[in-house]
Amino acid sequence: MSKGTIVSVSGPLVTASGMETANIQDICRVGELGLIGEIIEMRGDVASIQVYEETSMVGPGETVETTGEALSVELAPGMISQMFDGIQRPLDEFMEKTQSNYLERGMTIAPLNRDKKWEFVPSVEVGTDLTEGDIVGTVQETNVIEHRIMVPYGVKGKLKSIETGSFTVTDTIYVLETDQGDKEFTMIQKWPVRQGRPIAEKLNPVEPLITGQRVIDTLFPVAKGGAAAVPGPFGAGKTVVQHQIAKWADVDLVVYVGCGERGNEMTDVINEFPELIDPNTGESIMARTVLIANTSNMPVAAREASIYTGITIAEYFRDMGYSVAIMADSTSRWAEALREMSGRLEEMPGDEGYPAYLGSRIAEYYERAGKVVSLGSTGREGSITAIGAVSPPGGDTSEPVTQNTLRVAKVFWGLDSSLAQRRHFPSINWLNSYSLYSNDMNSFVGSKLNVDWSGMVTHTKSLLQDESELQEIVRLVGVESLSERDRLKLVTARMVREDYLQQNAFDDVDTYTSRNKQYEMLNAILKYQQEAEKAMDLGAYYDEIIKGTEDVRERIGRMKFVPEEELSRIQEINTQIENDMKVVLEKGGVESDA
Amino acid sequence: MLKEYKTVSEIVGPLMTVQGVEGVKFDELVDIELQTGERRRGQVLEINGDKAVVQLFEGSSGINLDETKVRFLGKPLSLDVSEDMIGRTFDGMGRVNDGGPDLIPEKSLDINGQAINPIAREYPDEFIQTGISTIDHLNTLVRGQKLPVFSGSGLPHKELAAQIARQASVTNKDEKFAVVFAAIGITFEEAEFFMNDFKETGAIDRSVLFINLANDPAIERIATPRMALTAAEYLAFEKDMHVLVIMTDMTNYAEALREISAARREVPGRRGYPGYLYTNLATLYERAGRLEGTKGSVTQIPILTMPEDDITHPIPDLTGYITEGQIILSRELYNQGYQPPIDVLPSLSRLKDKGTGEGKTREDHAPTMNQIFSAYAEGKEAKELSAVLGEAALSDSDKKYVEFTNKFEKEYVNQGNYTDRSIEETLDLGWDLLRVLPRPELKRIKDDMLDKYMPKGE
Ligand SMILES: Nc1ncnc2c1ncn2[C@@H]1O[C@H](COP(=O)(O)OP(=O)(O)OP(=O)(O)O)[C@@H](O)[C@H]1O
Ligand SMILES: Nc1ncnc2c1ncn2[C@@H]1O[C@H](COP(=O)(O)OP(=O)(O)O)[C@@H](O)[C@H]1O
Ligand SMILES: [Mg+2]
Ligand SMILES: [Mg+2]
């Protein structure tokens with residue numbers, strides 16, 4: 001630990017001299033207020049410190065004291081359902097302790113509650129040889145998450161004693177005989193956030209993350225352990241997409257990082273999530289959610305830290321053997337925080353003022369996602385799926401943050417403001433978005449449902465592709481120039497867009513669509529096209545088909561509002577399609593030139 | 001006694017460097033006395049050893065290196081507040097300038113405010129009826145929202161803002177409310193327009209005005225919105241008032257910021273604006289809201305003119321990324337004589353979902369809104385098609401959409417600046433328009449609702 005003296009203050013950057021014994025990345029207490037900061041550069045005895053709180057009225061001559069520790073998170077029961085700031089201070093306790101609605105400065109609060117007792121159940125016997133990553137016992141943290149207490153990294157020994165019963169996170173719960181003598185352990189382990197937690201092995205992702213969002217699950221699926229980017233201009237729906245996935249994805253745990261975005265969006269999550277029921281577990285989704293909030297008006301340096309805090313917590317739960325999804329809204333704000341600090345350090349600016357290392361920082365972050373086998377004598381399979389919003393200036397995705405993200409994320413959900421403006425949500429553009437997991441995920445789903453899902457998806461995509469070409473022709477020479485079959489294609493493509501891809505996040509039923517319902521819905525639409533084409537082959541005219549199927553098309557348009565328990569109502573549509581086409585053929589041209 | 005320095009070593013644009021200082025803090029308020037005896041104010045932007053860089057709110061003209069006296073006041077820039085501010089006018093730095101007596105302050109508040117703990121926020125969900133259909137129905141404003149108006153030069157944003165200030169009401173009417181108005185570098189005429197409107201409607205008696213006009217010091221504009229928001233927060237969260245803050249024009253604010261950034265030779269971001277413009281604007285806009293345990297609210301209507309009507313320009317772009325939606329004015333509608341010329345398709349209220357519907361407005365609010373949006377988009381597209389290929393190229397259903405679109409613009413959008421429609425009137429008008437379309441086209445509305453509001457056979 002060393003003590004120095006402030007030399008300069010410029011916004012969130014403070015330099016201090018007399019710091020020769022400090023280390024890069026050490027956490028410091030800055031000035032009389034004891035603001036929290038981190039050393040990001042050392043030159044001789046002068047340390048440059050990024051300060052995680054406002055530096056107003058801090059000046060030269062005040063002292064800086066290092067803690068000798070890197071920026072770390074505390075990992076133990078007590079994180080779930082909590083909202084932390086970017087450096088893991090629990091915001092509810094913050095409010096209690098300060099008795100203020102505002103973020104007062106210089107507060108120290110333990111990240112995890114020190115008084116709360118947890119029921120610890122040991123799962124190993126005294127005398128067992130244990131190594132890093134082994135589970136020594138469990139705490140039922142919420143109804144859905146069993147918190148597995150693991151031997152910390154770098155520790156090995158024989159279990160000498162272990163407790164059963166109620167303990168706080170700082171009580172000793174087990175003792176190991178190690179090479180360096182007996183060691184006592186509590187439930188807490190600390191981990192420096194800028195370093196990925198070690199694993200035994202990385203695996204290839206094979207299973208899709210089911211989000212209940214039709215356009216994602218059907219056209220552009222992401223794998224559990226994969227990474228996806230959601231770029232889009234403001235108001236295009238990035239936040240709603242991420243909220244929807246946080247709500248409905250079939251994962252064990254969600255870490256939601258509000259990084260430099262709106263305060264009310266976090267309030268919304270805090271209010272809404274406890275009320276929502278996870279379709280996969282029947283429990284409140286808050287019981288599997290950890291929130292990190294560093295909103296746009298909160299100090300910019302802590303924003304930079306927030307996504308690391310988030311992903312470290314995600315890794316910890318992954319190591320227990322869980323599938324975890326982490327959402328970061330928005331990675332562009334994190335990149336801007338990097339840029340601001342870099343500018344103040346007077347580093348050589350790269351593209352659009354971002355530091356030259358922007359690309360490698362983004363890659364490092366997404367590399368921490370993945371499907372893995374954890375450490376421990378019996379390794380567990382866990383995964384982190386990382387989904388990052390990107391907010392390109394002016395909606396122009398040629399900018400550095402989007403481009404660097406696309407280099408590492410295999411899924412691109414490109415949001416389109418022209419779709420958003422016509423209130424087609426999610427506004428994921430079906431022509432330029434992609435998922436490199438598509439083939440694998442579609443075969444996986446196909447074998448689960450026992451249908452040719454890949455075939456259906458491929459057909460749907462080419463239908464939409466054809467539509468855009470046909471529309472080009474219509475715009476030039478009018479719809480009359482199209483063949484009957486092409487006009488039918490336009491009708492079906494419109495059904496796909498409006499009755500399938502479009503999904504209202506704020507409708508109680510439409511907000512989530514199971515895999516089965518997705519299949520039934522898409523099947524009905526494709527069935528319509530198939531049967532109509534057959535009818536055409538048998539001599540029916542386009543106008544006849546359109547007139548004769550008005551009713552069934554309206555039913556198709558309302559499929560999305562059919563509750564999950566009543567899927568047979570969608571299946572019935574198939575019969576009606578067949579019957580209606582029969583009637584069209586029987587009437588045979590009677591009204592055709594009306 | 002505060003130490004006085006006569007060690008100004010450098011003046012560059014609106015920045016001044018003072019040498020040999022001691023005990024100076026970042027952000028500290030500075031008092032500058034010119035050789036003429038004139039006093040100005042500044043703020044410490046950077047302190048390095050014994051060298052302080054000071055931003056001069058009233059500019060540097062006439063400052064003399066040798067004779068200027070500088071004192072550091074040991075506190076950040078603050079605003080004296082009291083309930084008596086209501087009905088008074090201040091300059092852009094928060095000094096009384098209506099010729100009236102000085103304020104007897106209840107306290108003095110740091111104009112930078114403090115970041116709100118997200119857990120302390122209460123989600124804004126109380127419908128504000130502005131009497132304007134395109135806002136109330138399609139881009140709903142709620143108490144505690146920040147909803148900017150994106151305008152272009154010459155477009156009637158001031159008429160719209162005045163109409164909102166005049167008509168805005170909440171069902172529960174016996175609560176205290178106030179208007180805080182910040183003029184940021186606008187013309188005398190524009191400021192007069194607001195004052196006159198406030199006077200005519202009597203709103204002036206519950207208003208606090210902060211005025212920095214086009215010919216007032218430019219750097220002062222960095223302080224003006226903060227002054228206004230500090231007053232608003234005080235009235236809302238300490239005096240339980242519902243405060244509507246109108247700030248115009250945010251473009252002038254951003255330009256002042258750019259001037260400082262350029263003087264500091266910072267690496268410029270897009271179009272010369274500093275890279276931290278987003279964060280800086282957020283520290284203003286995020287001061288809107290409602291707080292737990294308090295009765296009041298701060299609702300913000302910032303106004304900005306988009307340079308060259310370009311919405312991708314950094315100022316509207318970054319604003320849209322922070323605010324909870326935007327109201328966009330259309331030059332096309334304006335040229336057709338429609339008032340208020342709100343371009344509904346690119347406009348948005350992100351907080352509409354929880355502020356509307358049964359118990360707040362009416363059950364048919366959201367579905368009819370969604371339907372109108374998609375029908376209007378479709379109709380505009382059909383109109384474009386017919387402009388190219390002629391009306392004959394339109395299908396029967398396209399023609400219906402065109403009819404809908406024309407009626408929508410003429411009757412629904414074009415309500416005039418003095419029509420105050422209740423939400424029920426607006427919703428009913430919406431149904432009248434939707435009747436133009438064949439029922440199977442109304443896919444955004446569920447059957448039971450269609451049956452109720454648009455009985456078959458009608
Ligand atoms: N949600 C939707 N509902 C109905 N039609 C849609 C929807 N989304 C897109 N379309 C149709 O798809 C077409 C392509 O979409 P988009 O708006 O991106 O392209 P565009 O406007 O034709 O081209 P540009 O963006 O170059 O002007 C549109 O012309 C529109 O007819
Ligand atoms: N799936 C959806 N269903 C209905 N409305 C949506 C959907 N996605 C987005 N929206 C609407 O679009 C608005 C903006 O979305 P948001 O996610 O906040 O955009 P961004 O984060 O890209 O700025 C939301 O407030 C909501 O009204
Ligand atoms: Mg968003
Ligand atoms: Mg377009």
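Keep in mind it's a predicted model, so treat the numbers as computed, not measured.
Using a 4.5 Å cut-off between heavy atoms, A:E54 makes no contact with chain B at all. Only the backbone of A:V58 comes within less than 4.5 Å of a heavy atom of chain B; no side-chain atom from C-beta onward does. Heavy atoms closer than 4.5 Å to chain A are found in the side chain of B:K354, but not in its backbone. Proximity to chain A is limited to the side chain of B:E441, based on heavy atoms less than 4.5 angstrom apart. Proximity to chain B is limited to the side chain of A:T295, based on heavy atoms less than 4.5 angstrom apart. Interface remark: B:P314 contributes no atoms to any contact with chain A (heavy atom separation under 4.5 Å). With a threshold of 4.5 angstrom between heavy atoms, B:I47 approaches chain A through its backbone and through its side chain. Only the backbone of B:V344 comes within contact range of chain A, with at least one heavy atom under 4.5 Å from a heavy atom of that chain. Residue contact with chain A, scored on non-hydrogen atoms closer than 4.5 Å, is absent for B:L29. Proximity to chain A is absent for every atom of B:L77, based on heavy atoms less than 4.5 angstrom apart. Residue contact with chain A, scored on non-hydrogen atoms closer than 4.5 Å, involves the backbone and the side chain of B:I116 alike. The contact between B:V24 and chain A is made entirely by backbone atoms, counting heavy-atom distances below 4.5 Å. At a 4.5 Å heavy-atom cutoff, B:N280 makes no contact with chain A through either its backbone or its side chain. For chain B, the nearby part of A:D507 is the side chain; its heavy atoms alone come within less than 4.5 Å. Only the backbone of B:S347 comes within contact range of chain A, with heavy atoms under 4.5 Å apart. In this structure, chain B has no heavy atom under 4.5 Å from any part of A:K560. In this structure, no portion of A:V240 lies under 4.5 Å from any heavy atom of chain B.
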Would B:R290 and A:N264 count as a side-chain contact (heavy atoms from CB on, under 4.5 Å) here? Give the steps. CA-CA 9 Å; B:R290 297 200 307 166; A:N264 280 326; over 6 Å; no

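Judged purely by atom type and a 3.5 angstrom limit, B:Y123 has no side-chain atom pairing as donor or acceptor with the backbone of A:V269.
No salt bridge links B:R270 with A:E336; every basic N to acidic carboxylate O contact stays at or beyond 4.0 Å. A salt bridge links A:E62 and B:K25; the closest N-O separation between the charged side-chain nitrogens and carboxylate oxygens is under 4.0 Å. Ion pairing of B:E378 with A:R494 is present here, as a side-chain N (NZ or NE/NH1/NH2) and a carboxylate O approach within less than 4.0 Å.
Using a 3.5 Å distance cut-off with no hydrogens or angles, the side chains of B:T279 and A:R303 do pair a donor with an acceptor.
Relative to the six-membered ring of B:Y285, A:R262 misses at least one condition, a distance below 6.0 Å or an angle of at most 45° to the axis.
Exactly one residue among A:R423, A:R422, A:Q421 makes a side chain to side chain contact (heavy atoms under 4.5 Å, CB included) with B:F373. That residue is A:R423.
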